[in-house]
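For the numbers below, each heavy atom of this structure counts, side chains included, while hydrogens, waters and symmetry mates do not.
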Amino acid sequence: MSQDNTNNLKNTFPKTERLHSKKIIQELFQKGSFFYSYPFKVIFLTSEEAPSHQVLISVSKRKFKNAVDRNLIKRRIREAYRLNKHVLYSEQEAQPSLSIAYIYTGKEIPTYQFIETKLSKSLRRLIVEVEKANR
RNA sequence: GAUACAAGCCACCUUAUCGCUCCUGACAUUAAUCGUCAGGAGAGGAAAGUCCGGGCACCAUAGGGAAGCAUAGCGGUUAACGGCCGUCACACUGACUAAAACGUCAGCGUAGGACAAGUGCAACAGAAAGAAUGUACAGGUAAUGCUGUAGUGAAAUCAGGUAAACUCUAUGCGGUGAAAUGCCACGUACACUCGCUUUUGAGGGUUCCCGCCCGAUGUGGGAGGGUAGGCAGCUAGAUCGUGUCGGUAACGGCAGGGCCAGAUAAAUGAUAAGGGUCAUGACGAUUUUGUCAUGAUACAGAACCCGGCUUAUCGGCUUGUAUCUUUU
């Protein structure tokens, strides 16, 4: 397992890393920059308030009518983020906290393997995009 | 044993690793928090649709009339119901009798009050199903469908049918809905600005009218802002299963036992391995079945809580009935 990574960070996903403040969410959707990395639309914004990176995962109700399907996709994305988030933290420490929204834009229910490869790819791109935005 | 139907029940399992929410305990720490470790608990039969009925909460009492909506044999059940149970009537199906009718039994279905007030509607046939007209034969008259018979049809100036047609009758219904509601925190905040108004009342509440009620810590508009965080409500209840008694049954009484989700951008998951079950095919056997391969393993996610209804659903199990087959 990927337990022994560089920052000896645990693969947890506690409440503090989940984006739940309505204010920040509204700000994120209004001011945040975004890019597409199939099958996700990723919106991000640097924020000083949050103690750590915060993530929001969303699946459109229009594309997936049943709550069970939406829950399943969200759980798989959350799991993939949990196991791959060390990529974000292993960058330089001076980096400010990020608010990130992951919106699933695919039309079918994906397998976990598919999501994991795509998500780690999008995380690497996210780092590049953040640097670009900060300049 | 197989098939069909009906009723009831179950809703794939195990292990490992990494996670999520709540509770309890220990340790450490703080202004509060929070952290670590250990243990325990963690979606459904429909959680769904939100179609009925309640509990609970709040609102300025919710009274009368009209309107509107719902229900509709009778009795019971229940907190309540439009649900459920029983029963009567009617319709249909099957059996009994050689057959039909009638009858009896079984099953299944019924928006099953009133056409004794008014308005409307009525396929085909028929001249005509009311405000219009007339065929054949016979009778009659001053004259005329004036009268009878034939003919059509369930029904013909005599009425009847129809209320999943308006309508009438009886009964019931105040509204809102956990984004309710209360408290704390934050916000220069019962703040700013322009009107109106002070018990002879501005304005407002009730679908409408009358009436009633609220009303200076008032009320109508405007501009620009702030907050959108926490706690309570929030899960021990018309509760769950067991036994027993009453009742044809729905259901109810009593006894002793259990505690069974409480999330909030919304927990109950992900991955791997193995095993079930079902279907198809192949091989071996030809009585049960065995091995291998492939595929399938549903519908679907609590959001204040219950009782129903409706819809979705891979499969499996139990019981009953009917038919067929095998053995004794």
If you round to the nearest 0.5 Å, how far is CD1 of A/I103 from OH of A/Y36?
8.5 Å
For [N], which nucleotide in any strand shown is its Watson-Crick or wobble partner with both distances under 3.5 Å?
| N | answer |
| --- | --- |
| B/rU104 | B/rA95 |
| B/rA123 | none |
| B/rG201 | none |
| B/rA57 | B/rU176 |
| B/rC9 | B/rG316 |
| B/rG269 | B/rC18 |
| B/rU207 | B/rA66 |
| B/rU33 | none |

The answer to which of A/L72 and A/A67 contacts RNA chain B further toward the 5' end, by nearest nucleotide, is A/L72
Nearest-nucleotide check on RNA chain B, A/N66 vs A/T111; residue mapping nearer the 5' end is A/T111
Please work out whether [N] sits syn or anti, treating a glycosidic angle within 90° of 0 as syn.
| N | result |
| --- | --- |
| B/rU227 | anti |
| B/rA114 | anti |
| B/rU286 | anti |
| B/rA263 | anti |
| B/rG45 | syn |

Taking only the [atom1] atom of each, what is the distance from [N] to [M] in whole angstrom?
| N | M | atom1 | answer |
| --- | --- | --- | --- |
| B/rC23 | B/rC260 | C1' | 14 Å |
| B/rU271 | B/rG44 | C1' | 26 Å |
| B/rU169 | B/rC115 | P | 15 Å |
| B/rA106 | B/rU171 | P | 39 Å |
| B/rC212 | B/rU61 | P | 14 Å |
| B/rA302 | B/rA80 | C1' | 25 Å |
| B/rU176 | B/rG73 | C1' | 38 Å |
| B/rG275 | B/rA293 | P | 10 Å |

Length of the line joining [X]:[atom1] and [N]:[atom2], which is rounded to integer Å:
| X | N | atom1 | atom2 | result |
| --- | --- | --- | --- | --- |
| A/I115 | B/rU271 | CD1 | P | 9 Å |
| A/L83 | B/rC20 | CG | C1' | 13 Å |
| A/Y112 | B/rG19 | OH | C1' | 11 Å |
| A/E116 | B/rG269 | CD | P | 19 Å |
| A/I109 | B/rA270 | CD1 | P | 12 Å |
| A/D69 | B/rG301 | CG | P | 8 Å |
| A/K65 | B/rU311 | NZ | P | 17 Å |
| A/K74 | B/rA263 | NZ | C1' | 12 Å |

Locate the shortest heavy-atom distance separating A/K65 from A/R70; write the atom from each residue and the value.
O-NH1, 3.2 Å
Shortest non-hydrogen contact between A/N84 and A/L123, atoms and distance:
O-CD1, 3.4 Å
List the residues meeting side chain to side chain contact (heavy atoms under 4.5 Å, CB included) with [X], not counting sequence neighbours, and say none if there are none.
| X | answer |
| --- | --- |
| A/L72 | A/R76, A/I109 |
| A/T117 | none |
| A/N71 | A/K74, A/R75 |

Counting distance alone, no hydrogens or angles: does the base of B/rG19 have a donor or acceptor under 3.5 Å from a partner atom on the side chain of A/E79?
no
For A/R125, side chain to side chain donor-acceptor pair (under 3.5 Å) partners two or more places apart:
A/E129
Both conditions, 6.0 Å and 45 degrees, for the charged tip of A/K41 above the ring of A/Y102: are they met here?
no
List for me each residue that meets salt bridge (Lys or Arg N to Asp or Glu O under 4.0 Å) alongside A/E116, sequence neighbours excluded, and say none if there are none.
none
Below 3.5 Å between N/O atoms, which protein atoms pair up with nucleotides 42-50 of chain B? Just atom names and distances, please.
none

Would you call the rings of A/Y104 and A/F40 parallel, tilted or perpendicular if under 30° counts as parallel and over 60° as perpendicular?
perpendicular
Looking only at the side chain of A/R82 (C-beta and beyond, no hydrogens), which of the listed nucleotides B/rA267, B/rG269, B/rU271 gets closest?
B/rG269
Winner on side-chain proximity to A/R76, out of B/rC18, B/rA270, B/rA302, is B/rA270
On the nucleotide B/rU268, are OP1 or OP2 found under 4.0 Å from the side-chain N or O atoms that A/R78 carries?
yes
